[in-house]
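One structure below.
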Amino acid sequence: LSVRFTDRTEVFIALIQPLLQSAFALAMVMLGDRPAAEDAVQDAALKAWRNAWKVAGSSSPPQSWFLTIVANQCRDTRRTRWWQVLRLDEMPENPQSDHAERVTAELDLDRAMARLSREQRALVYLRYHLDMQPKEISTILSVRQGTVKSRLHRALRQLRNEMAPGSKEETDD
Amino acid sequence: MTDPNPDLLRRYFRGERFQVGATLERRIMDALADDPRVRPRLWPRRLALRAVVAIAVLVILAVGTTLPVAATTSPLASGARQILSTVGMSPVVERLMTTQRQATAAGHTVSLVGVFASNAQTIIILKVAPAAPPGSGWFKDVRLIDASGAQVEVQQGEVTPDYAWMRLAPIPGVGSAPMKVTVEVSASFGASWTLQFDTATQGRFLPKPAAGQAGKDAVAFDSVVAAPGALAVDLTTRGATLGSFCPGEPADPLGPTGVSASCTHEIPSLSKDHGADAASSAGLWVYDANGNPLTNISPVTISVDRRMLAQQELLHGGVWQLPGPGQYRVVFTAPDGATLERTVRVEG
């Protein structure tokens with residue numbers, strides 16, 4: 001990154017703003033709660049500002065660098081012991097649409113994703129939404145490349161199993 | 001079978017749920033432009049009403065009991081010590097030096113009346129005098145700033161017209177070296193107060209009591225920490241459900257989409273007759289050598305996440321006021337009434 005930051009607003013515009021959507025989505029994927037995700041991204045943005053000088057000499061792309069901070073922030077949040085119940089958004093019970101099949105598939109996926117661990121959801125998001133390669137994902141999630149591949153494989157297998165006919169009754173309360 | 005193909009996954013992540021809200025960008029901009037320290041997070045969404053009980057109990061103590069103040073070399077100012085003793089917490093902060101224990105603005109004085117800091121949590125109790133009118137918003141925002149200028153995350157809290165109790169994340173590095181910590185409180189009517197304390201001494205990890213069985217529950221101690229004036233106990237049980245300790249909680253507290261859940265025990269009554277009753281209630285209790293239950297500084301919280309749920313595990317943790325050195329009994333009572341009792345010795 002060749003930008004020399006002179007004030008905080010410039011930092012945000014140059015560095016954080018273009019990454020805000022992907023950062024928020026990652027936090028949302030990991031935490032499953034919008035206020036918690038917003039808090040995590042806000043805290044991550046402040047940490048990014050404090051460490052903005054590091055990125056200038058870093059070989060990591062700014063996106064990986066910032067998403068690493070976001071992922072770590074989400075992990076720190078996870079470590080806290082005093083949470084109340086966190087739930088994903090309510091899902092519609094009876095989707096009525098011309099694309100009912102597609103919607104049903106997405107609801108099945110929604111339920112199946114909720115069954116994954118946060119790390120697994122983050123893996124799937126980084127790989128299939130941001131199209132990141134295992135090497136970059138390994139940097140963000142602080143795991144080895146081989147671990148990324150194996151965990152991704154297990155996550156997809158679990159998703160398939162969860163979405164298989166007959167598993168829905170088991171997942172619904 | 002519906003396969004989670006890449007297109008379906010991409011469509012899923014493009015869903016409205018994952019779209020950043022309109023206010024987040026402004027919120028971050030404000031935080032960046034305003035101060036190197038982050039604007040305080042929104043006040044906890046679901047406040048623990050029982051925390052009020054904790055404060056009330058402490059106030060009652062001030063009227064009804066005289067607590068011994070251990071001899072100490074603490075640099076805590078005598079005035080601060082008196083303030084702390086008024087809520088029965090004088091021993092708790094022997095480990096702290098308060099350099100700015102109170103501040104006055106808009107006719108209200110905010111005092112730091114209790115702090116417990118460990119590597120797992122930070123608990124702070126503030127008092128405002130005269131009491132603010134209900135709804136006046138004397139405690140609109142709070143920041144706890146560590147020595148590096150970073151803000152410590154607020155996790156839970158409760159506010160009354162004259163007290164504020166809050167539980168925060170651990171202060172980074174609190175176990176490594178003394179440091180100055182700043183508490184900033186701002187009111188909705190424009191007033192603000194800045195207080196400071198220095199962490200001076202540290203608590204000690206006591207030997208973990210032996211694991212054991214309480215009825216159907218396996219009990220393993222995670223840590224027992226004694227600080228001057230405070231005893232923190234954390235343990236993990238395997239076997240019982242969250243609902244069996246916290247009436248009203250569903251059998252599956254996480255449901256299909258939950259991530260983690262916790263409930264908070266009520267602070268037990270301080271009446272001497274309550275000790276025996278308390279021991280028969282499910283939960284974690286600490287008694288002195290005479291069988292008197294210790295006072296909670298922080299209510300016992302029981303928590304579970306999805307991994308622990310699968311293992312039928314629960315985390316129990318609480319902090320009690322420690323009158324001084326001596327032997328204390330830690331009692332875990334299982335939902336079926338069976339108990340596990342261990343003795344911990346706190347040296348002087």
Side-chain angles (χ1 to χ4, degrees), chain A residues 7-9 11-12 16-17 20-21 23-25 28-29 31-35 38-39 41-43 45-47 49-50 76-78 80-89 91 102 104-106 108-115 117-118 124-125 128-129 156 159-160 163-165 171-173, chain B residues 1-4 6 8-21 23-25 27-29 31-33 36-39 41-42 44-46 48 120-121 149-151 153 155-156 167 169 234 250 252-264 301 303 305-307 315 317:
Chain A
D7 63 44
R8 295 158 195 159
T9 302
V11 169
F12 181 78
I16 306 299
Q17 192 177 44
L20 199 57
Q21 173 56 49
F24 173 76
M28 191 65 191
V29 163
L31 299 176
D33 177 79
R34 179 171 284 272
E38 290 184 346
D39 285 347
V41 173
Q42 179 182 337
D43 290 347
L46 266 291
K47 286 181 179 174
W49 172 77
R50 293 191 193 108
D76 286 345
T77 302
R78 184 179 60 178
T80 61
R81 178 170 293 187
W82 313 109
W83 279 15
Q84 306 296 326
V85 178
L86 299 181
R87 298 183 189 285
L88 300 181
D89 295 346
M91 294 171 288
R102 175 178 138 181
T104 300
E106 290 180 355
D108 286 345
L109 177 59
D110 202 17
R111 292 188 180 92
M113 289 290 287
R115 293 284 194 182
S117 70
R118 294 180 192 188
V124 173
Y125 168 74
Y128 288 100
H129 188 67
L156 292 177
L159 281 178
R160 291 190 190 98
M163 296 174 70
T171 59
D172 285 342
D173 271 5
Chain B
M1 173 175 173
T2 308
D3 192 76
L8 181 61
L9 288 167
R10 291 190 181 97
R11 209 161 50 232
Y12 173 78
F13 288 122
R14 283 198 299 267
E16 186 178 353
R17 174 190 310 167
F18 300 107
Q19 298 305 308
V20 65
T23 59
L24 181 58
E25 181 177 328
R27 182 174 157 186
I28 295 174
M29 289 286 279
L32 286 167
R37 294 161 301 199
V38 66
R39 192 165 65 90
R41 68 183 53 243
L42 299 175
R45 296 173 285 282
R46 295 174 58 180
Q121 61 177 319
Q151 182 174 336
E153 175 193 12
Q155 297 173 342
Q156 190 181 16
R167 174 185 285 140
D234 289 277
D252 177 7
L254 301 183
T257 59
V259 175
S260 63
S262 63
C263 67
T264 306
T301 298
S303 56
D305 61 21
R306 191 161 290 285
R307 182 198 65 77
L315 277 175

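- Atoms CD and CZ, from A/Glu38 and B/Arg27 in turn, are 5.5 Å apart once rounded to the nearest 0.5 Å.
- To the nearest 0.5 Å, atoms CD (B/Gln151) and CG (A/Leu46) are separated by 8.5 Å.
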Stepwise side chain to side chain contact (heavy atoms under 4.5 Å, CB included) check, B/Leu24 with A/Gln21: CA-CA 10 Å; B/Leu24 181 58; A/Gln21 173 56 49; over 6 Å; no

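- If you measure heavy-atom distances from B/Arg307 to chain A, you find no contacts under 4.5 Å at all.
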Stepwise side chain to side chain contact (heavy atoms under 4.5 Å, CB included) check, A/His129 with B/Arg14: CA-CA 8 Å; A/His129 188 67; B/Arg14 283 198 299 267; 3.6 Å; yes

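- Not counting sequence neighbours, A/Phe24 has no partner by the ring-ring contact (aromatic ring centres under 6.0 Å, His included) test.
- In plain terms, the two heavy atoms of B/Arg17 and A/Arg34 that are nearest each other are O-NH2, 3.0 Å.
- Note that CD of B/Glu25 is 11.0 Å distant from CD1 of A/Ile16, once rounded to the nearest 0.5 Å.
- Residues B/Val20 and A/Val41 fail the side-chain proximity criterion, which asks for heavy atoms closer than 4.5 Å.
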Derivation of the side chain to side chain contact (heavy atoms under 4.5 Å, CB included) call for B/Ile28 and A/Leu20: CA-CA 10 Å; B/Ile28 295 174; A/Leu20 199 57; 3.7 Å; yes

